[in-house]
2 protein chains.
Amino acid sequence: MLHDPAQLDLMFQALADPARRQMVDRLSRGPASVSQLAEPLAMSLSAVVQHLNVLEASGLVSTEKLGRVRTCRIEPKALRAAEHWINERRLAWERRLDRLGEYLAETRDEN
Amino acid sequence: MLHDPAQLDLMFQALADPARRQMVDRLSRGPASVSQLAEPLAMSLSAVVQHLNVLEASGLVSTEKLGRVRTCRIEPKALRAAEHWINERRLAWERRLDRLGEYLAETRDEN
DNA sequence: AAAATAGTGAAGTAATCACTTCAGTATTGT
DNA sequence: ACAATACTGAAGTGATTACTTCACTATTTT
């Protein structure tokens, strides 16, 4: 469910915005309320809530409301899925380079 | 130069589009010309060139023109920078959880 | 030399984005 | 009960995005 392309799409889209990455960064140091997330950002609370909704829809962040405060936390599984996508492509490339290197070494021996 | 926030911004922005991720995926299997990149995509060549320019500006892809064909390849260093950003945040979170676990284990012993 | 191939560049367009403001609803502290 | 806090939601706006088409330039191939 985490590797389905639609979810991946939402995740990368969510990470594309600097304000949202800053929020993820903040949350990586521990849970925070909406106002705490908003505090270092130069924008209205409303804007922050909108960003938060994008993050939550992407699965990167989950929230829980107790009384009047909504506590947000990072969802490491989702983070790992994005990481994994990039990693796989990079590895594919590097494996290819390795094979090419071997091939070149072999054909050099044949001279 | 790869970790500067502006470059990171361009990279995540570039990865946010499904067509561009498909192009990166294709390139992870080996270099390709613009037309080869375009082939599986349901859009005009012009659109593909525009996506390619975004990828190149982000540093994720580099290109080289020989004669009339432009050959594109993945830039694993850039890919790694994006990977790294995500990884750091996830690790920060997981380290935090570990410390919390230790703390809980300790205070349990004190009962 | 002519035709086919490979890509480029500019202009236009519809949709989406990242905000804003403002008005509203719970919840909590005094 | 009243005020302050912590959000929430809707509507609007200007900028950016992801395309399109069309006209064009180089480079090969025949």
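Residue numbers begin at 1 in each chain, while the letters A, B, ... track the order of the sequences.
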Distance, rounded to the nearest Å, where M43(A) contributes CE and dT8(D) contributes P:
16 Å

Tell me which residues in residues 8-33 of chain B put a heavy atom below 4.0 Å from DNA chain D, sorted by number, or none.
Q13(B), D17(B), R20(B)

Would you list the pairs meeting ring-ring contact (aromatic ring centres under 6.0 Å, His included) in which at least one residue belongs to residues 11-49 of chain B, sequence neighbours left out?
F12(B)-W85(B)

Sequence-aligned protein contact record of nucleotides 24-30 of chain D, with B where the base is within under 4.0 Å of a protein heavy atom and S where only the sugar-phosphate is
---BS--

Would you list the pairs meeting ring-ring contact (aromatic ring centres under 6.0 Å, His included) in which at least one residue belongs to residues 42-81 of chain B, sequence neighbours left out?
none

Atom CD of Q36(B) and atom P of dT5(C) are separated, to the nearest Å, by 15 Å

Check the phosphate of dT20(C) against S44(A), side-chain N and O only, distance under 4.0 Å to OP1 or OP2. Yes or no?
yes

Between L91(A) and N87(A), is any pair of side-chain heavy atoms under 4.5 Å apart?
yes

Across all chains, not counting sequence neighbours, the side chain to side chain contact (heavy atoms under 4.5 Å, CB included) partners of A92(A) are R95(A), S28(B)

Within residues 45-62 of chain A, find the residues that approach DNA chain C with a heavy atom at under 4.0 Å, and present them sorted by residue number.
S46(A), A47(A), Q50(A), H51(A)

Within residues 33-52 of chain A or reaching into it, pairs that qualify as salt bridge (Lys or Arg N to Asp or Glu O under 4.0 Å) - sequence neighbours excluded:
none

Any salt bridge (Lys or Arg N to Asp or Glu O under 4.0 Å) involving residues 78-92 of chain B? Give me the pairs, sequence neighbours left out, ordered by first then second residue.
D25(A)-R89(B), E83(A)-R90(B), R90(A)-E83(B), E94(A)-R80(B), R90(B)-E94(B)

Side chain to side chain contact (heavy atoms under 4.5 Å, CB included) involving A57(B) - partner list, sequence neighbours excluded:
none

Residue pairs fulfilling salt bridge (Lys or Arg N to Asp or Glu O under 4.0 Å) with at least one residue in residues 43-54 of chain B, sequence neighbours excluded
none

For residues 65-77 of chain A, tabulate all N or O donor-acceptor pairs below 3.5 Å that involve a side-chain atom, not counting sequence neighbours.
{"from": "R70(A)", "atom 1": "NE", "to": "T63(A)", "atom 2": "OG1", "distance (Å)": "3.4"}
{"from": "R70(A)", "atom 1": "NH2", "to": "N53(A)", "atom 2": "OD1", "distance (Å)": "3.3"}
{"from": "E75(A)", "atom 1": "OE1", "to": "S62(A)", "atom 2": "OG", "distance (Å)": "2.8"}

Salt bridge (Lys or Arg N to Asp or Glu O under 4.0 Å) pairs touching residues 7-24 of chain B, sequence neighbours excluded, are D9(A)-R21(B), R21(A)-D9(B)

To the nearest Å, how far apart are K65(A) NZ and dA26(C) P?
10 Å

